[in-house]
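What follows is one structure encoded as structure tokens, with my remarks underneath.
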Amino acid sequence: MFGCLVAGRLVQTAAQQVAEDKFVFDLPDYENINHVVVFMLGTVPFPEGMGGSVYFSYPDSNGMPVWQLLGFVTNGKPSAIFKISGLKSGEGSQHPFGAMNIVRTPSVAQIGISVELLDSLAQQTPVGNAAVSSVDSFTQFTQKMLDNFYNFASSFAVSQAQMTPSPSDMFIPANVVLKWYENFQRRLAQNPLFWKT
């Protein structure tokens with residue numbers, strides 16, 4: 001039903017089923033893993049109204065598992081990439097794997113997938129730094145930055161009658177800033193990575 005991929009390693013497709021609705025993949029030598037991809041194999045879809053929450057577990061200094069919610073996969077979103085390199089410290093979160101007797105060995109982390117209702121998945125909050133940056137978040141940041149700059153620059157706008165002559169200061173007409181702002185937004189909408197060329 002699921003697969004797990006780490007760069008430079010073979011794809012894992014044989015998840016250990018630890019309960020009727022819970023699956024686990026072992027990640028040996030997890031200290032050297034930066035990202036993990038969790039995906040549906042396409043052979044068995046989730047039942048209607050269901051999806052899978054994805055958790056990362058690593059052993060703490062006492063060898064006890066620390067589980068952190070990464071995100072989810074669904075029939076509509078059958079794969080996801082998660083950054084786990086920054087998660088190897090910190091506190092765990094609530095998880096459905098607590099009562100399981102899952103065999104653990106030192107230096108082996110685990111990816112756990114719990115089949116749950118889509119409504120339940122929508123209410124869960126993944127650990128903040130697990131999401132991999134995407135063009136959408138970059139575009140969102142750029143849009144916020146443009147809005148902030150335009151609002152800041154506009155707050156200093158004065159009419160020509162309000163201007164006090166100052167030979168040492170340079171002035172930029174507000175309509176020039178507005179034109180740049182609109183032009184940048186248009187180019188960003190056409191190609192979010194236009195600035196790289």
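Because only heavy atoms are used, hydrogens play no part in the values below, and waters and symmetry mates are left out as well, while side chains stay in.
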Open item on the list: Less than 3.5 Å apart, any donor N or O on the side chain of Asn151 or Asn148 sitting next to an acceptor on the other?
Closed with: no
Task: Over 12 foreign heavy atoms within 6.0 Å of CG, Leu41 - done: yes
- [ ] Measure the shortest side-chain to side-chain distance between Arg9 and Pro28 over non-hydrogen atoms and say whether it is less than 4.5 angstrom.
- [x] yes
Open item on the list: Within the 4.5 Å heavy-atom criterion, are Asn75 and Met40 side-chain neighbours or not?
Closed with: yes
Open item on the list: Could you go through Phe23 and Val18, starting from their C-alpha distance and side-chain angles, then the distance that decides it, and tell me whether this counts as side-chain contact (heavy atoms from CB on, under 4.5 Å)?
Closed with: CA-CA 6 Å; Phe23 304 85; Val18 294; over 6 Å; no
TODO: In sequence, state the C-alpha distance, the side-chain angles, and the governing distance for Phe2 and Val44, and then conclude on side-chain contact (heavy atoms from CB on, under 4.5 Å).
DONE: CA-CA 9 Å; Phe2 303 107; Val44 180; over 6 Å; no
Task: Interatomic distance, Asn34 atom CG to Ile81 atom CD1 [nearest 0.5 angstrom] - done: 13.0 Å
Open item on the list: Looking only at side-chain N and O atoms, does Glu116 offer a donor or acceptor that is under 3.5 Å from a partner on Gln124?
Closed with: yes
Task: Heavy-atom check, side chain of Ile111 versus side chain of Val24, under 4.5 Å - done: no
Task: Close side-chain approach of Gln110 to Phe56, heavy-atom, < 4.5 Å - done: no
- [ ] Compare all side-chain heavy atoms of Leu27 with those of Val6 and state whether any distance is below 4.5 angstrom.
- [x] yes
TODO: Decide yes or no on side-chain contact (heavy atoms from CB on, under 4.5 Å) for Asp147 and Tyr181, but give the supporting numbers first.
DONE: CA-CA 8 Å; Asp147 290 343; Tyr181 172 78; 2.4 Å; yes
- [ ] Determine whether Leu121 and Val127 fall in the same hydrophobic cluster, where Ile, Leu, Val, Met, Phe, Trp and Tyr are linked whenever their side-chain heavy atoms lie under 4.5 Å apart.
- [x] no
- [ ] May I ask whether Ile113 and Leu118 are part of the same hydrophobic cluster, defined by side-chain heavy atoms of I, L, V, M, F, W, Y residues being less than 4.5 angstrom apart, directly or through others?
- [x] no
Open item on the list: Looking at Lys77, I'd like to know if its NZ atom is crowded, meaning that more than 12 non-hydrogen atoms belonging to other residues, nucleotides or ligands lie closer than 6.0 Å.
Closed with: yes
TODO: Please report the closest heavy-atom contact between Pro45 and Thr43, naming both atoms and the distance.
DONE: CD-O, 4.1 Å
Open item on the list: Quick check: is Val73 connected to Leu117 through a chain of hydrophobic side chains (ILVMFWY, heavy atoms under 4.5 Å apart)?
Closed with: yes
TODO: Would you name the heavy atoms of Met163 and Pro165 that are closest together and state the gap between them?
DONE: O-CD, 3.8 Å
TODO: Please assess Val36 against Leu5 for the test side-chain contact (heavy atoms from CB on, under 4.5 Å), listing each intermediate value before the final yes or no.
DONE: CA-CA 6 Å; Val36 64; Leu5 175 65; over 6 Å; no
- [ ] Check the surroundings of atom CD in Gln162: do more than 12 heavy atoms from other residues, nucleotides or ligands lie under 6.0 Å from it?
- [x] yes
Open item on the list: Less than 4.5 Å apart, side chain to side chain, heavy atoms only: is that true for Leu146 and Trp180?
Closed with: yes
Open item on the list: Do Phe72 and Ser114 make a side-chain contact, defined as non-hydrogen atoms from C-beta onward lying under 4.5 Å apart?
Closed with: no
TODO: Indicate, with yes or no, if the rings of Phe82 and Tyr55 have centres closer together than 6.0 Å.
DONE: no
Open item on the list: Is there a side-chain contact between Phe39 and Val11 in this structure, where contact means two heavy atoms from C-beta onward sitting under 4.5 Å apart?
Closed with: yes
- [ ] Quick one: pull up CD in Gln190 and CZ in Arg187 and give me the separation to the nearest 0.5 Å.
- [x] 8.5 Å
Task: Test log, rule ring pair (Phe, Tyr, Trp, His ring centres under 6.0 Å), inputs Phe184 and Phe149 - done: CA-CA 12 Å; Phe184 199 93; Phe149 171 72; over 10 Å; no
Task: Closest heavy-atom pair and its distance - Gln12, Asp26 - done: NE2-O, 3.0 Å
TODO: Indicate, with yes or no, if Tyr58 and Phe25 share a hydrophobic cluster defined by side-chain heavy-atom contacts under 4.5 Å among Ile, Leu, Val, Met, Phe, Trp and Tyr.
DONE: yes
Task: Closest approach of Ser53 to Leu69 (non-hydrogen atoms, all atoms of both residues) - done: CB-CD1, 4.0 Å
